Novice: 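The structure is given below, and queries will be raised subsequently.
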Amino acid sequence: MKKSILTIVAMSLLVASCCNAPVASDSSRDAVLDNIASRKSVRAYTDEPVSDADIETLLRAAMAAPSAMNRQPWEFIVVKDRACLDSLAGKLRHAKMLAQAPLAIVVCAETMLTSSDGSQRENPYWEHDASAATENLLLAAEAMGLGAVWTAATDDVRSAAVCEALGITGTVKPLCVVPVGHPAGEEQPKDKWNPEKIHYNRW
């Protein structure tokens, strides 16, 4: 799928905005907002592989996300092995589309903080930070003409399945598994605007 000028601009601005680069024009602003509004969950993919260059672009966007105290606790596992993707599809009931996807990016994070004296304590923001990285990844996929979907992996059953399949050990935990590929259909974004969800000054 060819990338339009609009989506390329949106992708550039998404990464640039996270790096404190100035926004240049109204058209640039509109490109970013259009990309956000166009994002959708894509669960069907062609057999066309995702290039290494595109994978790096996705990961650069993910790592441009904000994190508490700028700790950047995230870790990413890029899964292209067909047997591994099929195995995960069989273990994760909400991620069956992995059997068709050419790629998955598993977003993880370090759940512990190490102090200067070597002592450890729980990182209360690891899910927040990994979620911000995941949203950047999803927006980047949209801007690049790729399809992706967030599938959760934080509950005990799914987390254990992902850790076992990918050899994750220690205090790193998975947040989600994101299948990625070239869309096989023409999914449309949902209009989620709801003024009833807005409250001013107090509840």
Side-chain angles (χ1 to χ4, degrees), residues 14-15 18-19 36 39-43 45 50 52 54-144 146-181:
L14 172 66
V15 176
C18 295
C19 298
I36 292 170
R39 191 215 60 80
K40 58 266 187 188
S41 296
V42 177
R43 297 176 173 83
Y45 319 98
V50 179
D52 290 342
D54 281 351
I55 292 171
E56 180 173 327
T57 299
L58 292 171
L59 294 172
R60 284 181 175 274
M63 292 186 200
S67 64
M69 303 294 290
N70 195 32
R71 291 192 179 101
Q72 305 172 38
W74 42 63
E75 303 284 346
F76 304 91
I77 302 175
V78 178
V79 183
K80 296 193 286 185
D81 179 73
R82 183 73 265 156
C84 189
L85 290 167
D86 290 345
S87 175
L88 286 170
K91 295 177 178 180
L92 304 172
R93 62 190 182 95
H94 296 297
K96 299 300 183 186
M97 72 289 293
L98 286 166
Q100 185 187 23
L103 168 72
I105 296 177
V106 183
V107 183
C108 308
E110 173 55 62
T111 64
M112 300 298 290
L113 300 173
T114 303
S115 301
S116 56
D117 62 2
S119 63
Q120 287 194 318
R121 58 188 173 88
E122 185 178 357
N123 178 2
Y125 304 114
W126 75 269
E127 290 184 78
H128 303 222
D129 299 341
S131 293
T134 302
E135 181 66 5
N136 269 21
L137 192 156
L138 294 171
L139 289 172
E142 179 66 35
M144 296 163 66
L146 297 169
V149 59
W150 182 325
T151 70
T154 51
D155 64 273
D156 289 344
V157 174
R158 283 179 286 189
S159 179
V162 172
C163 288
E164 180 183 7
L166 301 179
I168 301 171
T169 59
T171 54
V172 170
K173 291 185 179 178
L175 175 84
C176 60
V177 178
V178 182
V180 183

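Fair warning: this is a prediction, and the values are worked out from it, not measured in the lab.
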Novice: Please lay out, stage by stage, how Ile77 and Ile168 fare under the test side chain to side chain contact (heavy atoms under 4.5 Å, CB included).
Specialist: CA-CA 10 Å; Ile77 302 175; Ile168 301 171; 3.7 Å; yes
Novice: Provide the full list of salt bridge (Lys or Arg N to Asp or Glu O under 4.0 Å) pairs with a residue in residues 153-163, sequence neighbours left out, each pair given once.
Specialist: Asp155-Arg158
Novice: By ring-ring contact (aromatic ring centres under 6.0 Å, His included), which residues pair with His128, not counting sequence neighbours?
Specialist: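 Applying ring-ring contact (aromatic ring centres under 6.0 Å, His included) to His128 gives Tyr125.
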Novice: Using only atom types and a distance under 3.5 Å, with no angle test, would you say the side chain of Thr134 pairs donor to acceptor with the backbone of Ala130?
Specialist: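 Checked: pair present.
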Novice: Under the rule for side chain to side chain contact (heavy atoms under 4.5 Å, CB included), what residues qualify as partners of Thr169, not counting sequence neighbours?
Specialist: none
Novice: Name all residues meeting the side chain to side chain contact (heavy atoms under 4.5 Å, CB included) criterion together with Glu56; count only those two or more places apart in sequence or in a different chain, and write none if there are none.
Specialist: Arg60
Novice: What distance do Leu138 atom CG and Cys176 atom SG have between them, rounded to the nearest 0.5 Å?
Specialist: 7.5 Å
Novice: Write down the atom of Ala133, the atom of Phe76, and the distance for their closest heavy-atom approach.
Specialist: CB-CZ, 4.1 Å
Novice: Taking only residues two or more places apart in sequence, or in another chain, which ones meet Glu127 in a salt bridge (charged side-chain N to carboxylate O under 4.0 Å, His left out)?
Specialist: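 Not a single residue meets the salt bridge (charged side-chain N to carboxylate O under 4.0 Å, His left out) criterion with Glu127.
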Novice: Does anything in residues 70-93 pair up under salt bridge (Lys or Arg N to Asp or Glu O under 4.0 Å), and if so which pairs, sequence neighbours excluded?
Specialist: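 Pairs touching residues 70-93 that pass the test: Asp52-Lys80, Arg82-Asp86.
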Novice: Can you give me the closest heavy-atom contact between Gly147 and Tyr45, atom names plus distance?
Specialist: O-CE2, 3.6 Å
Novice: Checking Ser67 now: which residues fulfil side chain to side chain contact (heavy atoms under 4.5 Å, CB included) with it, not counting sequence neighbours?
Specialist: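 Per chain and number, Ser67 pairs via side chain to side chain contact (heavy atoms under 4.5 Å, CB included) with Asn70, Gln72, Pro73, Trp74, Asp129.
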Novice: Atom OG1 in Thr57, atom CG in Leu137: separation rounded to 0.5 Å?
Specialist: 11.0 Å
Novice: Could you tell me the separation between the CZ atom of Arg121 and the CE atom of Met112, rounded to the nearest 0.5 Å?
Specialist: 9.0 Å
Novice: Check step by step if side chain to side chain contact (heavy atoms under 4.5 Å, CB included) holds for Asp54 and Val180.
Specialist: CA-CA 11 Å; Asp54 281 351; Val180 183; over 6 Å; no
Novice: Going by side chain to side chain contact (heavy atoms under 4.5 Å, CB included), name the residues that satisfy it together with Ala95, two or more places apart in sequence or in a different chain.
Specialist: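 Residues passing side chain to side chain contact (heavy atoms under 4.5 Å, CB included) with Ala95: Leu92, Met97, Leu98, Thr151.
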Novice: What closest approach, in Å, do Val162 and Val106 show between heavy atoms, and which atom pair accounts for it?
Specialist: CG1-CG1, 4.0 Å
Novice: Which heavy atom of Asn136 sits nearest to which heavy atom of Ala64, and what is that distance?
Specialist: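 Heavy atoms only, the tightest pair is ND2-C, 3.7 Å.
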Novice: With sequence neighbours left out, what residues match Thr114 under side-chain hydrogen bond (donor to acceptor under 3.5 Å, both in side chains)?
Specialist: Gln120
Novice: For Ala148 and Ala141, work out which heavy atoms get closest and say how close.
Specialist: CB-CB, 4.1 Å
Novice: Which pair of non-hydrogen atoms, one from Ala109 and one from Trp126, has the smallest distance, and what is that distance?
Specialist: CB-CE3, 3.6 Å
Novice: By the side chain to side chain donor-acceptor pair (under 3.5 Å) test, which pairs, at least two apart or in different chains, include something from residues 95-113?
Specialist: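 Passing the test, one end in residues 95-113: Glu110-Thr171.
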Novice: Identify, with sequence neighbours excluded, every residue that meets side-chain hydrogen bond (donor to acceptor under 3.5 Å, both in side chains) alongside Ser116.
Specialist: none
Novice: Can you name the residues that form a side-chain hydrogen bond (donor to acceptor under 3.5 Å, both in side chains) with Glu164, not counting sequence neighbours?
Specialist: none
Novice: So which of Ile105, Val177, Leu103, Leu85 actually passes side chain to side chain contact (heavy atoms under 4.5 Å, CB included) with Val79?
Specialist: Leu85
